[in-house]
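These notes concern the structure reproduced below.
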Amino acid sequence: MLFRSKTKSQSNATTYLFFFAALIPVLAILVYPIGKTLYLSFTDSEGLTTANFVGFTNYINFKNDPILRSTLTNVVIWTVATLVLPVLIGLGIAYIVSGVKGSAIYRMIFLIPYVLSGVAVGTLWFNVFETDGMLNRLLKTLGFESLVHSWLLYFPTNTLAMIIASTWAGTGLVVVLFTIGIQSVPLQTVEAAKLDGANAWVLFWRVVWPQLKYIRAVVIGTALANSLRTFDIVWVMTGGGPARSSETLAVTMYRESFLLNRYGSGSAVAVVLTILVASVSFLALRKGVNKGETL
């Protein structure tokens, strides 16, 4: 009996040892930076100067910033466009190629842009949309000089150009996720619908679509989170300009923190962005699954 008790105590001690060994890195890498950012958001920290507690001043200043209106407009445009376009295009591609011979090759082609870094994608599409870029050269060659435009120098064409780049890069993941969902649909339900005379649209809308509820929730949640925290493509293609007209919250955070050394203000933007991404992602996932269950 004493031996069993001793063995159990040693087992518990080992369990706690592994638990705290895993907990310490989590606290150091995740919890501490979040806490530090939250603290700085209530201070006037700038560069190496001593930080003074200022309460909600940074949040109030952020709310009253005249640039915020255009930034929030860009956030809304980004959120809607980078949710609708990749999801619809990716779903269409996944459904069309699902029954095609060699579909894995097609999916691989669409996945290639996704594995590229945001900097590479931004650089590629910057060369397409810049004033002397490939698009304007093509228009001149085809005789459409009247359509030549400085795409990245004016709003909203600069934001639309970056949305095209983001859609090109993000559609591949959507294709893969929806393909997984389509392949998990039981063949019996598909065959039964075909025997009942269902056409392609009815087959998709009444049979396939309801059974994609969980994958659909993941895709929508991922797309929303990615659109809200977009930085690299925007920074490479326009830097948030001109005159911050194409800036997003992530770019605002970077500018305030690392270019202007306003760590307190930048931290406030980071907190707002984190809350926004977490809330929207949670609501999208929850609503997507619940809505799917009622279909």
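Count residues from 1 along the sequence.
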* **W209 and F204 aromatic ring geometry - parallel, tilted or perpendicular at 30°/60° bounds** => tilted
* Closest approach of A223 to V87 (non-hydrogen atoms, all atoms of both residues) -> CB-CG2, 4.5 Å
* To do: For S246 and G241, work out which heavy atoms get closest and say how close.
  => OG-O, 2.7 Å
* Answer with yes or no whether the hydrophobic clustering places V54 together with V271; edges join I, L, V, M, F, W, Y residues whose side-chain heavy atoms lie under 4.5 Å apart. => no
* **Transitive ILVMFWY side-chain link I163 to L153, under 4.5 Å** => no
* To do: Evaluate whether atom CZ of F110 has more than 12 neighbouring non-hydrogen atoms of other residues, nucleotides or ligands under 6.0 angstrom away.
  => no
* Asked: Within a radius of less than 6.0 Å around OH of Y114, do more than 12 heavy atoms belonging to other residues, nucleotides or ligands occur?
  -> no
* Decide side-chain contact (heavy atoms from CB on, under 4.5 Å) for W125 and V236; before the verdict, give the C-alpha distance in whole Å, the side-chain angles of both, and the deciding distance to 0.1 Å. => CA-CA 10 Å; W125 284 94; V236 171; over 6 Å; no
* So does E145 pair up with K140, basic N to acidic O under 4.0 Å? -> no
* Test side-chain contact (heavy atoms from CB on, under 4.5 Å) on I182 and Q211 and set out the steps. => CA-CA 8 Å; I182 292 172; Q211 298 186 71; over 6 Å; no
* Could you tell me whether the side chain of S265 and the main chain of R262 form a donor-acceptor pair under 3.5 Å? => no
* Asked: Using the ring of each side chain (for Trp, its six-membered ring), is Y154 parallel, tilted or perpendicular to H149, with breaks at 30° and 60°?
  -> tilted
* Structure fact -> Of all heavy-atom pairs linking F129 and M237, the shortest is CD1-CE, 4.2 Å
Would you give me the side-chain donor-acceptor pairs under 3.5 Å for residues 23-37, sequence neighbours excluded?
residue : atom : partner : partner atom : Å
T37     : OG1  : P33     : O            : 2.8

* Asked: Looking only at heavy atoms, which two atoms of L212 and F178 are closest? And how far apart?
  -> CD1-CD2, 4.1 Å
* Scan side-chain atoms only and decide if N74 and T159 contain a donor-acceptor pair under the 3.5 Å cut-off. => yes
* Is the number of heavy atoms from other residues, nucleotides or ligands within 6.0 Å of CE (M134) greater than 12? -> yes
* Structure fact -> Only residue of T171, I109, T179, V174 satisfying side-chain contact (heavy atoms from CB on, under 4.5 Å) with I93 is T171
* To do: Look up atom OG1 in T57 and atom CG in N52, then write down how far apart they are to the nearest 0.5 Å.
  => 11.0 Å
* Asked: Do Y39 and I60 share a hydrophobic cluster, counting only Ile, Leu, Val, Met, Phe, Trp and Tyr and linking them when any side-chain heavy atoms are less than 4.5 Å apart?
  -> no
* Chi angles and distances behind the side-chain contact (heavy atoms from CB on, under 4.5 Å) call for R244, T252 -> CA-CA 9 Å; R244 302 177 66 179; T252 301; 4.0 Å; yes
* Quick one: does NZ or CZ of R255 land under 6.0 Å from the six-membered ring centre of W235, within 45 degrees of the ring axis? -> no
* Parallel, tilted or perpendicular: rings of Y254 and F258 (30°, 60°) -> tilted
* Linked, directly or transitively: V97 and M108 (ILVMFWY side chains, under 4.5 Å) -> no
* What is the distance from atom CD1 of I77 to atom OG1 of T248, rounded to the nearest 0.5 Å? -> 12.0 Å
* Asked: Honestly curious: do L138 and V128 fall in one hydrophobic cluster under the side-chain, below-4.5 Å linking rule?
  -> yes
* Structure fact -> Between the OG atom in S279 and the CG atom in L224, the distance rounded to the nearest 0.5 Å is 12.0 Å
* **Pair T82, S166: side-chain N/O donor-acceptor within cut-off below 3.5 Å** => no
* CG on L85 to CD1 on I164, rounded to 0.5 Å -> 9.0 Å
* To do: Can you see which heavy atom on P242 is nearest to which on S245, and at what distance?
  => O-OG, 2.9 Å
* Give, for atom CE of M162 and atom OG1 of T238, the distance between the pair rounded to the nearest 0.5 Å. => 4.0 Å
* For side-chain contact (heavy atoms from CB on, under 4.5 Å), just list the numbers for F42 and N58, CA-CA rounded to whole Å, side-chain angles, deciding distance to a tenth of an Å, and then say yes or no. => CA-CA 7 Å; F42 294 105; N58 290 322; over 6 Å; no
* Structure fact -> Here the pair of heavy atoms bringing S267 nearest to S41 is CB-N, 3.6 Å
* **Spacing of CG belonging to L177 relative to CD1 belonging to I220, to within rounding of 0.5 Å** => 12.0 Å
* For atom CD1 of I112, is the number of surrounding heavy atoms from other residues, nucleotides or ligands below 6.0 Å larger than 12? -> yes
* Can you check whether D132's main-chain N or O pairs, donor with acceptor, with R137's side chain at less than 3.5 Å? -> yes
